[in-house]
There are 4 protein chains.
Amino acid sequence: MQSRTPAGGRTPAGRTGRPRSAAADAAILAATREALVELGWSGLTLGDVALRAGVAKTTVYRRWQGKSELVTDALATLFDELVLPDRGSLRADIEGVVLQFARLLEQPATKTALMAVVAEATHDEALRGRIREKIVGRQKRLVVEGRRRAQQRGEIPDDSTDPGPQIDLIFDVIAGAVVHRTLVSCEPVDTDWAARFTTVLLDGLAVAGG
Amino acid sequence: MQSRTPAGGRTPAGRTGRPRSAAADAAILAATREALVELGWSGLTLGDVALRAGVAKTTVYRRWQGKSELVTDALATLFDELVLPDRGSLRADIEGVVLQFARLLEQPATKTALMAVVAEATHDEALRGRIREKIVGRQKRLVVEGRRRAQQRGEIPDDSTDPGPQIDLIFDVIAGAVVHRTLVSCEPVDTDWAARFTTVLLDGLAVAGG
Amino acid sequence: MQSRTPAGGRTPAGRTGRPRSAAADAAILAATREALVELGWSGLTLGDVALRAGVAKTTVYRRWQGKSELVTDALATLFDELVLPDRGSLRADIEGVVLQFARLLEQPATKTALMAVVAEATHDEALRGRIREKIVGRQKRLVVEGRRRAQQRGEIPDDSTDPGPQIDLIFDVIAGAVVHRTLVSCEPVDTDWAARFTTVLLDGLAVAGG
Amino acid sequence: MQSRTPAGGRTPAGRTGRPRSAAADAAILAATREALVELGWSGLTLGDVALRAGVAKTTVYRRWQGKSELVTDALATLFDELVLPDRGSLRADIEGVVLQFARLLEQPATKTALMAVVAEATHDEALRGRIREKIVGRQKRLVVEGRRRAQQRGEIPDDSTDPGPQIDLIFDVIAGAVVHRTLVSCEPVDTDWAARFTTVLLDGLAVAGG
DNA sequence: CTTTAAGCGAGACGGTACGTCTAGTCTTGTT
DNA sequence: AACAAGACTAGACGTACCGTCTCGCTTAAAG
C-alpha cells in the first residue's frame with residue numbers, strides 16, 4: 001500500500017522504481033477545478049477528471065482516496081489567492097476581507113465545491129480534519145492579522161486574556177455571514193452590503209438599528 | 001405531463017383517474033428523513049427511500065424530480081419545528097433563536113442535508129428557488145417577529161425606512177454564524193457562545209472587544 | 001371475476017349492467033395488427049395498443065389475459081384470409097396454397113407475430129391450445145379439402161385407412177417448408193420455388209433428383 | 001467504442017489494457033443456456049444471466065448488444081452438437097438427421113430460443129445475418145454431406161448443374177417439417193413419423209399416397 | 001322511469017427489468 | 001515502481017411496462 005498523497009517531495013526518500021510525475025498532480029488539480037465549473041460537484045466524476053488531465057484513473061486513485069479529498073485539495077488551491085492588504089483602519093480592513101472573500105465565493109468552482117465538501121464532512125471525520133487544515137486555517141489567519149493591526153492602531157483594546165475564542169467567534173460571524181448571503185440567500189455581496197455589515201459588526205444593533 | 005409535486009389538494013380540481021395517495025407523500029418524506037440520518041446525503045438513494053416508505057420508485061419520481069427536490073422538502077418539514085417564544089428582551093430572544101437553530105443543526109438529518117442541497121443549488125436555479133421558498137423564507141419570519149417585539153419594547157428605534165435590507169442582513173449574520181460555527185468550524189454552539197455572539201451583535205466589536 | 005374473452009354474443013345471456021362494446025374489440029385487434037407492423041412483437045406493449053385503439057388499458061385486460069392471447073387473436077384474423085380455389089389439378093392446388101401461404105407470411109404483422117406466439121407457446125400449454133384452435137386448425141382444413149379434390153379427380157388413391165396421420169404429415173411438410181424458407185432462411189417463395197417444391201412433394205427426391 | 005463480440009482472439013492484436021476474460025464468455029453462454037431451460041425466452045433477463053454466470057451486468061453488455069444476440073450465440077453452441085454419421089443409405093441418413101434434429105428441438109432451451117430469435121429477426125436485419133451465419137449455415141452442411149454420400153452410392157444422379165437451389169429446398173423441407181411438427185403442431189417426431197416423412201420425401205405423394 | 005350492475009377512460013399504484021453510468025480495483029504491457 | 005489502457009465487480013440511476021387498483025362517469029337492461 002502506498003501513501004495516497006500528492007507527489008510533493010516524496011521521491012527523495014530512498015525509494016526505488018519510477019518516481020511519481022509532479023506534472024500529473026498539477027494536471028489533475030487543474031482538471032478538477034475545470035470540471036467543477038462545468039459540471040458541479042455531483043456531476044464531477046474521477047473518470048472524467050482523469051480524462052481531462054490526460055491521465056489514467058489509477059494515477060488519480062494512487063494519490064487521492066476519493067472525490068471529497070481531491071476536491072478539497074483543488075479548493076485549497078483557490079483559497080490560496082486570499083490576501084489582506086493593510087487599508088489603514090479596522091473598518092476598511094473588515095470591508096476589504098468581506099469583499100475579497102465574496103469575490104472568491106462568486107467563482108463557480110469555489111461555491112459549488114465548498115458547500116459540497118462541507119456536506120460530505122458532516123459524516124467523515126478525516127475530511128473534517130483535511131478541511132480545517134487546508135481551508136479554514138488559512139482564512140482564520142486573516143482575522144488574527146487584522147486584529148493585531150487594529151490593536152496596534154489602538155482601535156480595540158489589547159486584551160491580555162486568551163483571544164482564541166473571540167477570534168473564532170469573529171471568524172464565524174464574518175465568514176458565515178458572507179457564505180450565507182452568497183450561497184443560501186443567493187444575494188450579491190457588494191460594497192453597500194459590506195459597509196452595512198461592518199457597521200453592525202463594529203457598532204452593534206443597539207446603535208446601528210435593526 | 002403531470003405536475004411532479006406532492007399530492008396536497010390537487011385532486012379536487014375536476015381531474016379524472018385515481019387520485020394520488022396523500023399517505024404516500026407523508027411516508028416518503030418520513031423515510032427520507034430517516035434515511036438522511038442513517039446514510040447521510042451521499043448515501044441516500046431514492047430506491048432506498050421508496051423501499052423504506054413501502055412505496056414503488058415510480059411513486060417517488062412521480063412527485064419529485066430528484067434527490068435534491070425531495071431532500072429539500074424533507075428538510076423543510078424539519079425547519080417547520082422552529083418557533084420563537086417571547087423571552088422578554090431582544091438579547092434573550094436572539095440567544096433563544098441561536099440556540100434553537102443550533103439544536104436543529106445538530107440533528108444529523110439537518111446538518112448533512114442543508115449543506116448538500118445548498119451545494120446542488122449553486123448550479124440549479126430552480127432548486128435555489130425551492131430552497132428560498134420552503135426554507136429560507138420560513139426562517140426569515142423569525143427575524144421579522146423578533147424585530148417587531150424589540151421595537152414594541154423600545155429596545156431599537158421604529159425606523160420608518162424600508163426594513164427589508166436590514167432584516168436580510170441580520171438574518172444572514174445570525175444564520176450564517178451558527179451554520180458556520182456548527183458545520184464548517186465544527187464547534188458546538190453552547191449557551192456561552194450564544195451569549196458572546198449576542199453581545200457582539202448587539203454592542204459591536206468596538207465595545208465588546210475583538 | 002369476468003370471462004376475459006372478446007365481446008361476441010355474451011351479453012344475451014341474462015346479464016345485467018352495461019354490455020361490452022363490440023367496437024372496442026375491433027379497435028383493439030386493429031390496433032394490435034398495426035402495432036405489430038410498426039414495432040414487432042417485443043416492441044408491442046398493451047398500453048400502446050390501448051392508446052392506439054382509443055381505449056383504456058383496463059378495457060384490453062378485461063378481454064384478454066395478456067400479450068400472447070391478444071396477438072394470437074389478432075393473428076387469427078389475418079389467417080382468415082386464406083382460401084383455396086380449385087385450380088383443376090393436385091399440382092396446381094399445392095402450388096396455389098404454397099403461394100398464398102407465402103403471401104400471408106410476407107405481411108410484417110404475420111411473420112413477426114406467428115413465430116413469437118409459437119415461441120411463447122413452448123412454455124404455455126393454454127396458449128398452445130389457443131393457437132391450435134384458432135390458427136393451425138384453419139390451415140389444416142385446406143389440406144383436407146385439397147386431398148378430397150385430388151381423390152375425386154383420381155390423382156391419388158382413395159385410401160380407406162385413417163387419413164389423419166398422413167394429413168398431419170403433409171400439412172407439416174407444406175407449412176413447415178414455407179415458414180422455414182420465408183422466416184428462417186429468409187429467402188422469397190416465388191413461383192419457381194413453389195414449382196420445384198411441388199415436384200419434390202409429388203414425385204420425391206429419387207425422381208426429382210437432390 | 002469497443003467491439004461488442006465475445007473475447008476470442010482479439011487480444012493478440014497489439015491492444016493495450018486488460019484483456020477480456022475468456023472464462024467470462026464461457027460462463028455467460030452456459031448461464032444463458034441454463035436460464036433458457038428454467039425461464040424460457042420471455043422470462044430470461046440479462047441481469048439474471050449475469051448473476052448465474054457470477055459476472056457483472058456490464059461484462060455481458062460489453063460483449064453482446066442484447067438478449068437476441070446473446071441467445072443466438074448460446075443457441076449456436078447447442079446446434080454445434082449435431083453430427084450426421086453415415087448410416088449406409090440415403091433413406092437411413094435422412095431418418096437419422098430428422099431424428100437427431102428432433103431430439104435437439106425437444107430440449108427446452110432449443111425450442112424456446114429458436115422461435116423467439118427468429119421472431120425477433122423478422123424486424124432486425126443484423127440479427128437475421130447472425131442467425132444465418134451461426135445456425136442455418138452450420139446445419140446446411142449436413143444436407144450437402146448427405147447428398148454427396150448418396151451420389152457416391154449412386155442413389156441419386158450426380159447432377160452437374162448448380163446444386164445450391166436444390167440443397168436449399170431440401171434443407172427447408174426437412175428442417176421446416178421437423179420444426180413445424182415439433183413446435184407448431186406440437187406433436188412428437190418418433191421413428192414412425194420419421195419413416196413416413198422420409199418415404200414422402202424420397203418417393204413423393206403420387207406413390208406414397210396422400 | 002328509476003334502479004343497478006357492469007363497462008368505460010383516466011391515471012396512480014407496487015413491482016421488475018431495462019440499459020447506462022460511476023466507483024474503485026485489477027491486470028495487461030510499456031516506460 | 002509508476003504509467004496508460006481498459007476489463008472487472010458492484011450497485012444506483014431514471015425510465016418503461018406490467019397487471020392491478022381506484023376514481024367518477026356512462027350506459028343499457030331489469031324492475
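Letters go in sequence order (proteins before strands), and every chain restarts at 1. We use all heavy atoms of the structure for the numbers below, so side chains are in, but hydrogens, waters and symmetry mates are not.
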*Do nucleotides 10-17 of chain F as a string where each nucleotide becomes B, S or -: B if the base has a protein heavy atom under 4.0 Å, S if just the sugar-phosphate does, - if no protein is that close.*
B-SSBBBB
*Rounded to the Å, how far apart are C/Glu69 CD and F/dG19 C1'?*
13 Å
*Who passes salt bridge (charged side-chain N to carboxylate O under 4.0 Å, His left out) against D/Glu34, sequence neighbours left out?*
D/Arg52
*asked:* Suppose we screen for salt bridge (charged side-chain N to carboxylate O under 4.0 Å, His left out). Which residues come up paired with D/Arg33, at least two apart in sequence or across chains?
replied: none
In chain order, what residues pass the side-chain hydrogen bond (donor to acceptor under 3.5 Å, both in side chains) check against [X], with sequence neighbours excluded?
{"X": "B/Thr112", "result": "A/Thr122"}
{"X": "B/Trp64", "result": "B/Asp73"}
{"X": "D/Thr59", "result": "none"}

*Per the atom types in the model, does the base of F/dC8 pair as donor or acceptor with the side chain of D/Arg18 at under 3.5 Å?*
no
With respect to the phosphate group of [N], does any side-chain polar atom (N or O) of [X] fall under 4.0 Å of OP1 or OP2?
{"X": "A/Arg62", "N": "F/dC3", "result": "yes"}
{"X": "A/Arg63", "N": "F/dC3", "result": "yes"}
{"X": "C/Arg20", "N": "E/dG7", "result": "yes"}

*How many angstroms lie between atom OH of B/Tyr61 and atom CG of B/Leu70, to the nearest 0.5 angstrom?*
9.5 Å
*Give one of base, sugar-phosphate or nothing for D/Thr59, where a contact means two heavy atoms less than 4.0 Å apart.*
base
